[in-house]
Each structure stands twice: as structure tokens, then as C-alpha cells.
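Below you'll find the structure, written out as C-alpha cells, and then a few comments.
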There are 2 protein chains.
Amino acid sequence: MPRGIARDHDEKRGLIRKGAAAYFARHGYDRASMTGAARECGVSKALIYHYYDSKEALLFDILDTHLSDLVAVVEDATGEGLPGLIRAVLAAYEDADAEHKLQLDALGTLPPEMQAPLIAHQRRLVAIMSDAVAATRPGLDPDRLRAVTMTVFGILNWFYMWHRPGRGLSRAEYAALAADFVGAGLKGV
Amino acid sequence: MPRGIARDHDEKRGLIRKGAAAYFARHGYDRASMTGAARECGVSKALIYHYYDSKEALLFDILDTHLSDLVAVVEDATGEGLPGLIRAVLAAYEDADAEHKLQLDALGTLPPEMQAPLIAHQRRLVAIMSDAVAATRPGLDPDRLRAVTMTVFGILNWFYMWHRPGRGLSRAEYAALAADFVGAGLKGV
DNA sequence: CATAAAACCGACCAAGCGGTCAAGAGTGTT
DNA sequence: AACACTCTTGACCGCTTGGTCGGTTTTATG
């Protein structure tokens, strides 16, 4: 009988996924080379191609893992209402800034059939958030409900662009502020 | 005496700037080739290099023009308070979605010395918005003022990501909703 | 009308890219 | 111990890229 895959196969794959995500996010997915990503991970380029079929497959795994985690976290927080959701999302982005950034500006470079399952994850997030908004502020027509839901995502997704750890409000402090802001804002629309 | 530059020099440069911006935004700056941009503009690649020194110089001109316009528009709207500012920014993004998208995800690819003047424009925008927020909601400490200001920018900058012309709320309708949302939200922080 | 520079182009180039390959080293199974 | 397969690598390949160059056409100026 042949030997199977190594016991630490998944860990090494995970290391490459994490290292490449950081490298891709820092340099921009298109501009970042596989040679550079390999160096960042401390392995040869050929080894990455042992674990992944292509640069696109690697990106897909990064985004799929990230979005799956995010959906799981958010589904667990549905019981805590809109403020709980906002807190959960911002907390989940911690240690995942790179993956989050990639999701926002590299997902579109994947071929449509690879995008589809990732977009399905995103839709699930939007649906959960939309339900929480509708529960907090009933009676909005569909167009306005969607607009307000996306407004909340704008707030959350923008956070990584301006926040610098150790400066200004902490993540948790901002989560509280954002929850207050959204809660009050919903009364005005 | 030699002949000077053509009378329509600036117009042609502007056409290249606009065409390239659309092409860059559609395909992503890094992924988009100068050959493709030239085809989009209906000129040869060599002609673009007659008007611009490099791909980076072209991107710089796109962003500098866009941000200068934006600052001008916003400075004109300072008298109309925070709702007027929100309306003005969203209106200014019309017909400039491409430039806006490029600003968000390609500015960072420029070398620092080219980024500097663009970031100065951005800071001016932030300062104006911050003043409007402070006027609407006095008494916020600096950290929270900054956080709320960035929250507003998150709302505005995210708009192009989810809005599809002709579907859902119009730009103007969303501007009104966003102004209401922010106005009410400020009372909750 | 002569002229010198701007406006414009097709063909070309070096460099870096994603990806492949042949081969050696390491290891679970028999 | 022998096998069969995974793990790991440096060298390599075809292709696209940003950018250049020599040359032709056009036009403002004297």
C-alpha cells in the first residue's frame, strides 16, 4: 500500500493560506507574485503548487475559509439582535484584516464559477443583517431596507481602512459606538 | 520658431484620462494593460506615452483631477451643513464611479511621493466632514469625532459597491436617506 | 512656402509573471 | 528492507507586460 498524505498536511496548507493572504493583502493580489508569496511562507514556489492548483485556487481557498468562518460567527450571534451582530462582525475581522481586504478587492478577479459560492456566503450575511435591521425597524419598504442594510455594511467594511490598532478607539469601543449610531440612525429613516 | 502644442492638447489628454480611468476601473489597475487602455481610447499605446511618462503618471493624473474636483465641490457645499455635504459628495460621485473606485483600491500602488499630494486632498475632505459632524453634534471627544467622521465616509464610499443605477433607490433618494440616518445616528453617540 | 517641432504609429525589447518538470529526500505501509 | 507515494526543490518555459524607438504625417509659425 502507498503512504497517505502527511499528518500535518492540513496545518501546512493552512500556513500557506495564511501567509499568502497576508502577502496578497499587503501588495495587492494582482501585483503580488507567487514567488514572493512563497518566500513570505518560507517555502519554494513549486511547493505551493503542490498544495494548490493555481494562484486562483489559492485565493479561492483564502476567501472561502474566511467567509465560511464569518457566516458561522454571524449565525451564532443572531440571538443578540443588531448590536450583537455588529459586535460579532467587527470582532471576527480581528486577525482577519488581510482576508477581509482581499474579499473586498480581489474576489472580482476570480472567474464567475469560482465567485458563485463565495457570493452565496455574502448573500447569507446580507440576509442575516437585513433580518436584524427589519426586526429593529419594522415597516421599511424593501428598497429602503436594502439601502439601510448596505449602509450598515458600509460602516463595518470601512473600519479596517481607517482604524490603526493602538490608536483612537479600540475595536470593542468602536463596535459599541457603531451599534449606538446604527440604532439611533434607524429611528431617523 | 517651432510650433507649440496643439490647441486640443488638453482635451485629448482629458479623453485619454477618462477612457483609461474607465478601463482601469473595470479590469482593476494592476490587471489592466496599457495596450488595452489604448484600444479603449481608440489610440495607440505609444500615443499615451506621448501624453504621459508612465502608467503611474497616468493614474496619478486621474486621481489628482478627481480629488481636486471633489474638494472643490465639497468646499462649495460647506454652507449647507452635514446633509448638504452628504448630498454633494454622492452627487459628485455620479459619472465618477470609475475614478472613485480607483482612488479606493489603486492609490496605494503609487510610490509614496506620488501618494502624498493625493492624501493631502483626502485629508482636506476628512477635515471638512469632521467640522460638519462637530457642528451637528458638539462635545464629542477627538477620538469619537474621528470615528464618527469615518463612519460617515464608510457609508458614502460603500455606495458604489452595492448601488445599481435604475434599481432600488436613486442616488438622490439615497442621499436623503443617508442624511437622515446620519443625523439621527449622531444623536445616539 | 519652408521648416521644425508635435502628433501619431507598428514593431520591438527586457523583465517578470504564472505555471511545469525532473529529480532527490523523507516516510507510512507491507 | 523494499516499496510507493508524498514532500520539496531549483531550473526552466511561454507569454504578457510596461516601456522604447525609428520613422511618417500633420500643423503652427516664420
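We name chains A, B, ... by the order of the sequence lines, and we start the count at 1 in each one. The figures that follow rest on heavy atoms only: side chains count, while hydrogens, waters and symmetry mates do not. If you're wondering where the values come from, they're calculated on a predicted model, not measured in any experiment.
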| query | Taking CD1 from A:Ile48 and P from D:dT9, how many angstroms apart are they, rounded to a whole number? | reply | 10 Å

| Should the heavy atoms of other residues, nucleotides or ligands under 6.0 Å from CG of A:Asp141 be counted, would the total exceed 12? | yes

| B:Tyr49 and B:Ser54: CA distance, side-chain angles, deciding distance, side chain to side chain donor-acceptor pair (under 3.5 Å) verdict | CA-CA 7 Å; B:Tyr49 280 94; B:Ser54 65; over 6 Å; no

| query | So, is B:His50 near the phosphate of C:dA7, with a side-chain N or O under 4.0 Å from OP1 or OP2? | reply | yes

| task | Check whether any side-chain nitrogen or oxygen of B:Lys12 sits under 4.0 Å from OP1 or OP2 of C:dA6, and answer yes or no. | result | no

| task | For B:Asp105, check side chain to side chain contact (heavy atoms under 4.5 Å, CB included) against everything at least two apart and list the hits. | result | A:Asp105, B:Lys101

| message | Nearest whole Å is fine: how far is C:dA7 C1' from B:Asp10 CG? | response | 15 Å

| query | If the sugar-phosphate is the primed atoms plus P, OP1 and OP2 and the base is the rest, what is the B/S/- string for nucleotides 9-21 of chain C, using protein heavy atoms under 4.0 Å? | reply | BB------SBBBB

| A:His9 NE2 to C:dT27 C1', straight-line distance once rounded to whole Å | 16 Å

| field | A:Phe159 ring center within less than 6.0 Å of A:Tyr93 ring center | value | no

| query | To the nearest Å, how far apart are A:Tyr52 OH and D:dT6 C1'? | reply | 17 Å

| Just checking B:Tyr51: base, sugar-phosphate only, or nothing, at a heavy-atom cut-off of under 4.0 Å? | sugar-phosphate

| note | To the nearest angstrom, the CG-P distance between A:Leu15 and D:dC7 comes to 14 Å

| Over-ring placement of A:Lys18 relative to A:Tyr23, 6.0 Å and 45° cut-offs | no

| query | Do A:Trp158 and A:Phe153 have ring centroids that are under 6.0 Å from one another? | reply | no

